[in-house]
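Everything numeric here is computed off the predicted structure, so don't read it as measured data. Order of listing sets the numbers, starting from 1, for every ligand and every atom in it. One is the number of the first residue; the rest follow in order along the sequence.
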Amino acid sequence: MSPVRVRFAPSPTGYLHVGGLRTALFNFLFARAQKGKCILRFEDTDQSRKAQGAEENLLSSLAWAGIEFDEGPTQGGEVGPYVQSKRLELYQSHVEQLLSQENAYPCFCSEEELTAMREEQIAKKQPTRYDGRCRRLSKEARAKKLAQGLPHVIRMKIIHSKGDYKVEDQIRGAVFFKPAQIDDQVILKSDGYPTYHLASVVDDHLMGITQVIRGEEWLPSTPKHIQLYEYFGWQAPQWLHLPLLLNPDRSKLSKRQGDVATADYKNKGYLPEALINFVALLGWNPGDGREIFSLEELIQEFGVERVGKAGAVFDVQKLLWMNQKYIQQMEVSELAKRLGPFLPPAAQSIEENQLLKMISLVREGMQLLSEIEERLDLFLNQSPDIKEAALKEKLKEEKPQAVLQAFLQAAQDKENVAGDQFKALMKEVQQASGCKGKDLWTPLRIALTLVEQGPDLAQVVEIFGHKKCVEMVKKQIL
Ligand code: GLU
């Protein structure tokens, strides 16, 4: 068995789609688990779809997610270049080979002709595909058109006399395609660029790819690829088509129903660990119901035997739940680092230990890193106030007012309100107000943390210090 070599081959047309992230991750995990190599290749032969900055965007999203490649456009490698537009001569020579073997032919049909053909097929309720008229041209007619220099593309021949095409897929078993369903695919365009089909087959072969792991949407293209391998006399790789990603309503995952760019998740405050963990479970499962996996654990556990063929639902609620879990579990100093881009400017003047204390107090229940600004407002704002009107009302009643008054009274002769001093103070408040339990704590909780259920009161008070506590309580006294 040759050593495992897999590839992630995105087209730089914009951003890294979460479906692409899943493909990249499964390739990466497979390679690591099999002690093989994972290769990155940019498939940029469709010049019209090339987008400015797309390559950088792909690289930065993959790096953020922690997916590493052994060979690729930035790291190089022995079978490069790893960008298809730098390999044009290779594709041209392979097209020449197919032409000389009569496995491919020039097609002179114009756009108008092709459109008319399509419309006619639709009207007749036939499947729309190239009807092979240039494939049937006589040698002389073909030579004449070529000599005239007529613009043309090159199409590969699909064989109709051999029965169904069979794709032996490692995830879904044998899948059959009728030759009549398969187009004589264009492999070289009139601009001299190959199409994806030819370029990816040539590259997968020359780069020694042993398994092609990609999304299910490429399954119908695979018979064409298999035919190309046959024409070249090469051994085809194994095929693994990953299940589709679905919206919760089971339609195909789309922008309209939520974010699909990896960078959107980064910008919204998801941790890469959580997104990777979540994406790993889109189509794969460990078989025992476990859900939380670090990247290292995924490498240990991942196997294609447990990749299913049923579409996988992209459930953002579950992702939020995971993100919250990772936020809670993370070492607080590490969390502070990750929160960096989301911290408000005022956080910069806070002494580090103090900031860490604040973060550990407010991280409870936090689902997104981007919530930090609002949550730190309690500490960073000199005089924050209660947002919820009903809570403010609650404090206007008799008992809460008594508690707040007693607090002010008791705080007057204390120098600080931290630790034991706070305990003593609360005892005094209890005695003076005659309130205990909820009646005692809730009004102070609301006045000082601005919510009914929030961070630990004693610790909040300690961070606030005497002056701010007094000011905040005063504000709620009628
Ligand atoms: N360039 C194709 C894409 O953008 C890659 C398909 C494949 O993996 O063969 O998804």
message: Any carboxylate oxygen within less than 4.0 angstrom of a Lys/Arg side-chain nitrogen, looking at Arg338 and Glu334?
response: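 Salt bridge present between Arg338 and Glu334.
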Please state which protein non-hydrogen atom is closest to [atom] and give its distance, to 0.1 Å?
{"atom": "atom 7 (C) of ligand 1", "value": "Tyr196 OH, 3.3 Å"}
{"atom": "atom 1 (N) of ligand 1", "value": "Glu43 OE1, 2.6 Å"}
{"atom": "atom 3 (C) of ligand 1", "value": "Trp218 CZ2, 3.6 Å"}

- prompt: Which is it for Ser11 and ligand 1 at heavy atoms under 4.0 Å: side chain, backbone, both or neither?
  reply: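 Ser11 to ligand 1: contacts from backbone and side chain alike.
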task: Run the ring-centre check on Tyr91 versus Tyr193 and record whether the distance is less than 6.0 Å.
output: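 For Tyr91 and Tyr193, the ring centres are not under 6.0 Å apart.
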task: Tell me whether the centres of the aromatic rings in Tyr326 and Tyr270 are closer together than 6.0 Å.
output: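 That pair fails the under 6.0 Å test.
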- request: Consider every N or O of Ala9 and every N or O of ligand 1, then say whether any pair is closer than 3.5 Å.
  value: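 By distance alone, the answer is yes.
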task: Go through ligand 1 atom by atom and flag the ones less than 4.0 Å from a non-hydrogen atom of Arg214.
output: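 That gives atoms 7 (C), 8 (O), 9 (O) of ligand 1.
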- request: Could you tell me whether a side-chain N or O of Asp183 sits under 3.5 Å from a main-chain N or O of Gln185, the two making a donor and an acceptor?
  value: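 Flag not set: sc Asp183 to bb Gln185 has no pair under 3.5 Å.
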- prompt: Any sub-3.5 Å donor-acceptor pair from Asn27's side-chain atoms to Thr23's backbone N or O?
  reply: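 Answer holds: yes.
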task: Would you check whether Arg7 reaches within less than 4.0 Å of ligand 1, judged by its heavy atoms?
output: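 True for this residue.
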message: Under a 3.5 Å threshold, yes or no: a donor from one side chain and an acceptor from the other, between Glu43 and Tyr196?
response: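 No - no donor-acceptor pair under 3.5 Å links their side chains.
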